[in-house]
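I have placed the structure first, in the form of structure tokens, so that the comments after it can refer back to it.
Each chain gets a letter, A, B and so on, in the order the sequences are listed, and its residues count up from 1.
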Amino acid sequence: MQKYNPQKTELKWQKFWEENKIFSAIDNSKKQKKYILVEFPYPSGAGLHMGHLRPYVAGDVVARFNRMKGFETLFPMGWDAFGLPAENYAIKMGVHPSITTASNIKNAKRQIQSWGLSFDWNREINTTDPEYYKWTQWLFLQFYKKGLAYEATGLINWCPKDKTGLANEEVIDGKCERCGTAVQKKELRQWYLRITAYAEKLLEGLKNLPEWPGAVKLQQANWIGKSTGAEIKFGIHQPSVKRFVLLHGRGSSPEESFLPWLKNKLEKLGYEVQVPAMPGGDEPSDLEQVDFVKKNCKLDESTVILGHSFGGIVALRLLEQGIKVNKVILASTPYLGRFSDGKARKSVVEAIQRGFDFKKIKAQAQNFISISDETDHVVPLADGQSLAKELNGLWLKQVATKSHFDGNEEPFLLENCAPSIKVFTTRPDTIFGATYMVVAPEHPLIQNYESRITNYDEVKKYIEKAKGKAEMERTAEGKEKTGVKLKGLFAINPATKEEVTVWVADYVLGHYGTGAIMAVPAHDERDFEFATRYNLPIKQVVYPVVNIDEKNTITLKTYEDHADKYIQRTTRGVDGVFKQWVDDFLKKIKKTDKILELGSGRGLDSDYIESRGYKVERTDAAESFISYQKGLGKEIKKLNAFTDKIDLNSYDLIFANKVLLHFNREQFKLVVAKINLGLRDNGIFALSLMDYKKATEHFVKDPKMESLRYFKFWKKNEVEEELKSLGFEIVDYMEKGFNDDGFQDILFVFKKTKSVAFVDYGLVINSDKFNGLKTVEAIIKMGEEFGKLTVQYKLRDWVFSRQRYWGEPIPLIHCEDCGIVPVPEKDLPVMLPKVKKYEPTGTGESPLANIKKWLKTTCPKCKKTAWRETNTMPQWAGSSWYWLRYADSKNKQKFADMKKLKYWQPVDIYFGGMEHTTLHLLYSRFWNLFLYDQGLVSSKEPYTKRHPHGIILGPDGEKMSKSRGNVVNPDEVVKSHGADTLRMYELFLGPHEATVSWNDKGVVGVKRFLDRVWTWVNEIVEAPHQKIRKSENRKPEIKDTEKVQRAMHKLIKKITEDIENFRFNTSISAFMEFHNEIKDEFITLESITQFLILLHPFAPHISEELHQIVGKSQNRKIKSLQQTSWPIFDPALTVSSTVEIVFQINGKVKGKITVPAGSSQEVVQAQVVVMEVVKQALVGETIKRVVFVPNRLMNLVI
RNA sequence: GGGCGAGUGGCGAAAUGGCAGACGCAAUAGCCUUAGGAGCUAUCGAGAGAAAUCUUGUGAGGGUUCGACUCCCUCCUCGCCCACCA
């Protein structure tokens, strides 16, 4: 027998597989396909590590298994080779990244091959290969052409060390994901991919991925962060404007186009609105109309005139005649006398030809706005522009709802009459409580209203400071909210019509929602904190009611279901224990104090307190709160009704009686919150509670008390914590012994330390006609009334440019005349130029900007000199479509052929790390969905099944890192024990998805197992020529023993099912168990072969070698085990012929008997009852019940 | 603060309603050996006992069940992800 030499055999078989092309997948094969994918690595200088090994080995087991199951199996590999390390190395050493990349790839490939992974290297790809990135660029252009790639200047995450912009997803805890440097905000011109356009599709698509782990789907859903609510506009208060005069156009009337709508809107905002029905019909005279308006309308310096079309001419005439107004808005007003549709309009031309005294007109109003419709079929844009110029006013272009601003609703005109701040809220039901507004520092409003904001310098300073803060600082936990009031600026709450102040504060984020909020301090924790700090008004508009939750269901359901079972509490007198602690407690309060008892109508406690000379008021003396008969929701309602009528602030002490502790957590919170909302700041109240621990025992004996199970039994620390969260602090605490009933009474004295916002659902109050609505209903009703219901996503657009060298150049050209022009397909790829210096400029420009020769090009459209885009793509670009390329990696005409895509797509199983959930996995779904919409790929979702893996920690249980010195190098394990041992031990460590730590000592266990298998097989094969063997039984046999047969089928079943369920760790155990069990049995060489087939996916080399040894002994021609087929098990043989049956008495194990498998209950019972232990136990008892589980157990209940 | 997941020997872990600790590591004893970082045999949760055996035991408490590591409720601890998202 030769010694097992893994290093030698492994090299031999790796060579064999390669030479015989064992792993090549055939496109469009007749066989059914399986596409097994593992995330391709970044080939770093350090080589591949354990983190790579884990998914790769798992993928390899599954791939080899599927090949043997007869599937055409695609298991490809490639290199995600763009990225910073190669570039940083280039900066340091001056070596071109492509050189380092190539040598790193060579090394990584050597490693992978040494692990015996069955990748199809014919399909190898490399993202930095121009043949590959040509298509990355081409795909980018598809996004660009559909308007999903756009350029914008914005505040982006900037890593000062890597000197590049980062995507939102690349910022972890305010630090650069790659280098850990604190991320800054920087204003830069960037390319974005409009992933937000796919937010809903990406979210919806998750529903069609039943084979994805719930955690992954949930994380993506949370990242997309859909929330429903309403967009509501808060008008900006215009102190100098009181009324509007709306002048209709030629041939129109106050009842036409947008006028009725606008009138209504403005009146709702509290303005006076006049819409004169001017005479003249289709051929009006401007002068006649001016006279009419003068006579019928009030015009003064607090009036704004909006003139639509011809009405604009009338407006100007009014001013010309000396009428002073606040502001004039002209919408689609003709001026030049020629019309877009070429039609003649006599009266209009006549009026214009009279000319205007613009000098005089300008003096009559402070502001002029001229608004043009970009789609106007009557008045050309030039008219509006010229008017604005003559009037020295503002010219605004907009697409009207209907051409010539003739729509029934023209929001843009409204916005100019009454400018507003748009907010997004999930709680429109609390709008009556919106007592101020906050805009983010980035909000454009601030700049737009520079002239109105009287403390602009202060505001500006605050904004600068906020910008300078790293994201980390700005969002740091426990950080106090700061802000500055925008003095001189007020907004109008559309519900209350009240003026509210407007603030700028960095607790409002510029990039979420509309960048502005309505602040409802009474019902939002953040607003509450801010309002408290700056002394802003707090108005309660939600009433805490017990039985309404988010889903509008009644919390007390279970409770009420069992209400009829509730027992009446027995009357009992004031016991000694109670007396004692009340006496103790009363020493602390004065006889003159006002005391209120909430809760018990029976008044046990208050009776006693009164008897000691105190005056106690009761909630309701006539009716008992502790009547459990009718359900408990009632009591809370009663309690709330009572506390509504009285001023809780006027009491010095409030007892909230025992009844409170019967409620579950939510109800308890609400009751206390209710008290809290009314309590004065330094009030005290006492809460007497019972600990039911002992009481339960008492009740257990009495079946009538069963319903107590539904009570919440409070513990002291629970109450303490609960009250703390509601803003109370324990002042005193008294606990007494158990009373006769087994109850323990506890007295708590709390002091209110702070008020808190009530953020839960309830009933609407203080909100006019909405009062009494459930908040869930009010959200819809009030959202529709004051704004419109909308959806918001947390997901932000993907910053898709990097200011670095080593990435795919963005294939666009900037031309002075033609703007941005895509590089024509025939000119792709845009190759990365050779440079001398890779150093990023640090100014936000890519190093490519310094290469003048490359930069300068000609415009593909007009052939004039133009400049290339200098930004490169992020590392995620290449991996966003790579699995598609594997299907057709050598295609020169297309990124992939549709027929091949149809055959291979989608990926059946995708192995990878959890850390890519919101990065690569989301990005690539986005690309795939987009390409699907373009008809470029065949499958809507790219991956049918995703299987994430846990990380491998070092032997010390810490994350492997060079600095900790706990890195286990897989190559060294290969060197010392061989790849098969490495693979099997890695799988053996624990469940694939669990975090495990590598134990250096444990490896030998697997090595020993493989050694034993080696010896076992060799001894049997060589037995006829060998004298000394481990066991006399070790020789080739004609027939397996029954034990072997059954063990073999059990093993086939176990291994097959384990691979299908990714439970590799228990597979390894099963092999060991099998070997331990049958190593000294008679076994045939056929069975040994079968064992080797099963072992093959896990330990491919040793299994091939032993298979060859067995084959040679039989003079069989050997082939690779990959070409054999996976065995099928006989279910009948997977169980042993005899089984041990455990017998129990009342669930306690008394012993076991051995019976033939499948024995009936009668047979087993007959044997069990005669057992000595059973006989003894049965003396004087009868068997009440027999539980029999075939082949397993018998339980006698006596 | 929110979400998700996990707690089982000295260690990695198995068992997902039916004998808790399979399998492996470490440890202990013995055999073999010039030797052992090789191999083989046996023991190996804790407590009691010479032993058979008994008791107890899966983070804590409670519940459901003939029977609970497993299901339900409450809590504690740890890990991961997100985090001023209106």
Side-chain angles (χ1 to χ4, degrees), chain A residues 172-173 213-216 218-219 221-223 225-227 229 423-427 430 438 474-479 481 505-509 511-520 524-527 529-530 664-665 693 696 709-710 712-715 717-718 721 725 792-796 914-915 917-918 950-951 955 957 985 988-991 993-1006 1008-1009 1011-1012 1015 1030 1063 1065-1073 1076 1140-1152 1184-1189 1191-1198:
Chain A
I172 310 289
D173 290 333
V216 173
L218 193 75
Q219 236 184 73
N222 287 344
W223 189 263
K226 181 177 180 173
S227 45
V423 302
F424 173 74
T425 176
T426 54
R427 292 294 299 271
T430 62
V438 187
R474 189 167 151 175
T475 61
E477 204 179 332
K479 191 193 84 70
K481 291 181 177 40
D506 62 9
Y507 83 91
V508 170
L509 307 171
H511 50 71
Y512 181 76
T514 59
I517 61 154
M518 64 177 207
V520 186
D524 181 282
E525 280 167 20
R526 294 151 301 173
D527 298 342
E529 190 190 325
F530 191 78
N664 65 26
R665 171 177 287 268
K693 193 177 174 185
T696 327
R709 191 186 303 142
Y710 302 101
K712 159 77 191 156
F713 302 133
W714 292 87
K715 289 180 200 151
N717 64 329
E718 290 173 348
E721 206 176 286
S725 77
Q792 277 291 335
Y793 301 94
K794 275 199 260 186
L795 186 71
R796 289 183 245 165
M914 207 58 197
E915 69 276 16
T917 301
T918 52
I951 47 174
Y985 182 62
F988 189 55
L989 279 174
E993 56 283 348
T995 304
V996 292
S997 42
W998 185 273
N999 178 354
D1000 282 318
K1001 285 182 177 163
V1003 192
V1004 300
V1006 170
R1008 279 177 201 156
F1009 165 71
D1011 274 331
R1012 283 195 286 259
T1015 313
K1030 294 264 154 65
R1063 295 156 54 109
N1065 54 328
T1066 53
S1067 290
I1068 312 294
S1069 303
F1071 283 122
M1072 293 171 171
E1073 268 173 89
N1076 288 347
E1140 271 192 343
I1141 289 201
V1142 172
F1143 56 90
Q1144 307 175 321
I1145 295 198
N1146 288 342
K1148 292 239 186 277
V1149 178
K1150 290 292 168 196
K1152 39 192 142 183
K1184 286 196 193 115
R1185 197 177 149 190
V1186 179
V1187 180
F1188 178 66
V1189 182
N1191 295 336
R1192 287 217 137 145
L1193 129 163
M1194 170 158 287
N1195 185 15
L1196 305 177
V1197 185
I1198 57 172

Are there any protein N/O atoms within less than 3.5 Å of an N/O atom in nucleotides 52-59 of chain B, and if so, which ones and at what distance?
none

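- Note that CE of Met518(A) is 4.0 Å distant from OG1 of Thr430(A), once rounded to the nearest 0.5 Å.
- Atom CD1 of Ile951(A) and atom C1' of C80(B) are 9 Å apart (whole Å).
- For the pair Ala215(A) and Ile517(A), both in contact range of RNA chain B, the more 5′-proximal nearest nucleotide belongs to Ala215(A).
- Atom-to-atom, NE2 of His511(A) to C1' of A83(B) comes out at 12 Å; the value is rounded to the nearest Å.
- A search for ring pair (Phe, Tyr, Trp, His ring centres under 6.0 Å) contacts involving Phe424(A) returns nothing, not counting sequence neighbours.
- For Lys1001(A), whose side chain is taken as the heavy atoms from C-beta onward, the closest listed nucleotide among C25(B), C84(B), A86(B) is C25(B).
- A search for side-chain contact (heavy atoms from CB on, under 4.5 Å) contacts involving Val216(A) returns Trp212(A), Pro213(A), Met914(A), Thr917(A), Leu921(A), Pro948(A), not counting sequence neighbours.
- Considering only residues two or more places apart in sequence or on other chains, Arg1008(A) meets the side-chain contact (heavy atoms from CB on, under 4.5 Å) condition with Val1004(A), Arg1012(A).
- For Asp527(A), there are no salt bridge (Lys or Arg N to Asp or Glu O under 4.0 Å) partners, not counting sequence neighbours.
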(request) Map every base of RNA chain B to its dot-bracket character, where paired means a Watson-Crick or G-U wobble contact with both distances under 3.5 Å and | marks a partner outside the strand. (result) (((((((..(((.....[....))).(((((.......))))).((((....))))..(((((..]....))))))))))))....
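- Tyr793(A) meets the ring pair (Phe, Tyr, Trp, His ring centres under 6.0 Å) test with no other residue; sequence neighbours excluded.
- Nearest heavy-atom pair across Asp1000(A) and Pro955(A) is OD2-CG, 3.6 Å.
- You won't find any donor-acceptor pair under 3.5 Å spanning the side chain of Lys1184(A) and the base of C66(B), going by distance alone.
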Measure all distances between protein nitrogen or oxygen atoms and nitrogen or oxygen atoms of nucleotides 41-44 of chain B, and list the pairs falling under 3.5 Å.
none

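- Residue-to-nucleotide proximity on RNA chain B shows that, of Met914(A) and Val1003(A), the 5′-proximal contact is made by Val1003(A).
- To the nearest angstrom, P of C4(B) lies 12 Å from CD of Gln219(A).
- The side-chain contact (heavy atoms from CB on, under 4.5 Å) search around Val1189(A) returns Arg1192(A), Leu1193(A), not counting sequence neighbours.
- In this structure, Leu218(A) places its CG atom 15 Å from P of C81(B), rounding to the nearest Å.
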(request) Any chance you could list the contact pattern along nucleotides 13-24 of chain B? Use B for base contacts, S for sugar-phosphate-only contacts and - for none, protein heavy atoms under 4.0 Å, 5' to 3'. (result) SSS--BB--BBS
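- For the pair Phe530(A) CZ and A86(B) P, the computed distance is 19 Å after rounding to whole Å.
- Between the CG atom of Asp524(A) and the C1' atom of G1(B) there is a distance of 13 Å, rounded to whole Å.
- Glycosidic torsion of G79(B) falls outside 90° of 0, placing the base in anti.
- Partners of Phe988(A) according to the ring pair (Phe, Tyr, Trp, His ring centres under 6.0 Å) rule, which considers only residues two or more places apart in sequence or in another chain, do not exist here.
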(message) Please determine whether side-chain contact (heavy atoms from CB on, under 4.5 Å) holds for the pair Tyr985(A) and Asn999(A), giving the CA-CA distance in whole Å, both sets of side-chain angles, and the decisive distance to 0.1 Å.
(response) CA-CA 10 Å; Tyr985(A) 182 62; Asn999(A) 178 354; 3.4 Å; yes
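- Within a 6.0 Å sphere centred on CD of Glu525(A), heavy atoms belonging to other residues, nucleotides or ligands number 12 at most.
- Distance, Lys481(A) NZ to G1(B) P: 14 Å, rounded to whole Å.
- Among residues two or more places apart in sequence or in another chain, the side-chain contact (heavy atoms from CB on, under 4.5 Å) test is passed with Asn1065(A) by Pro991(A), Arg1063(A).
- Inter-residue side-chain proximity for Leu989(A) and Trp998(A) is flagged as met; some heavy-atom pair is nearer than 4.5 Å.
- For the OP1/OP2 pair of A86(B) and a distance below 4.0 Å, the side-chain nitrogens and oxygens of Ser227(A) include at least one atom meeting the criterion.
- Between atom CZ of residue Arg1185(A) and atom CG of residue Leu1196(A) there is a gap of 12.0 Å, rounded to the nearest 0.5 Å.
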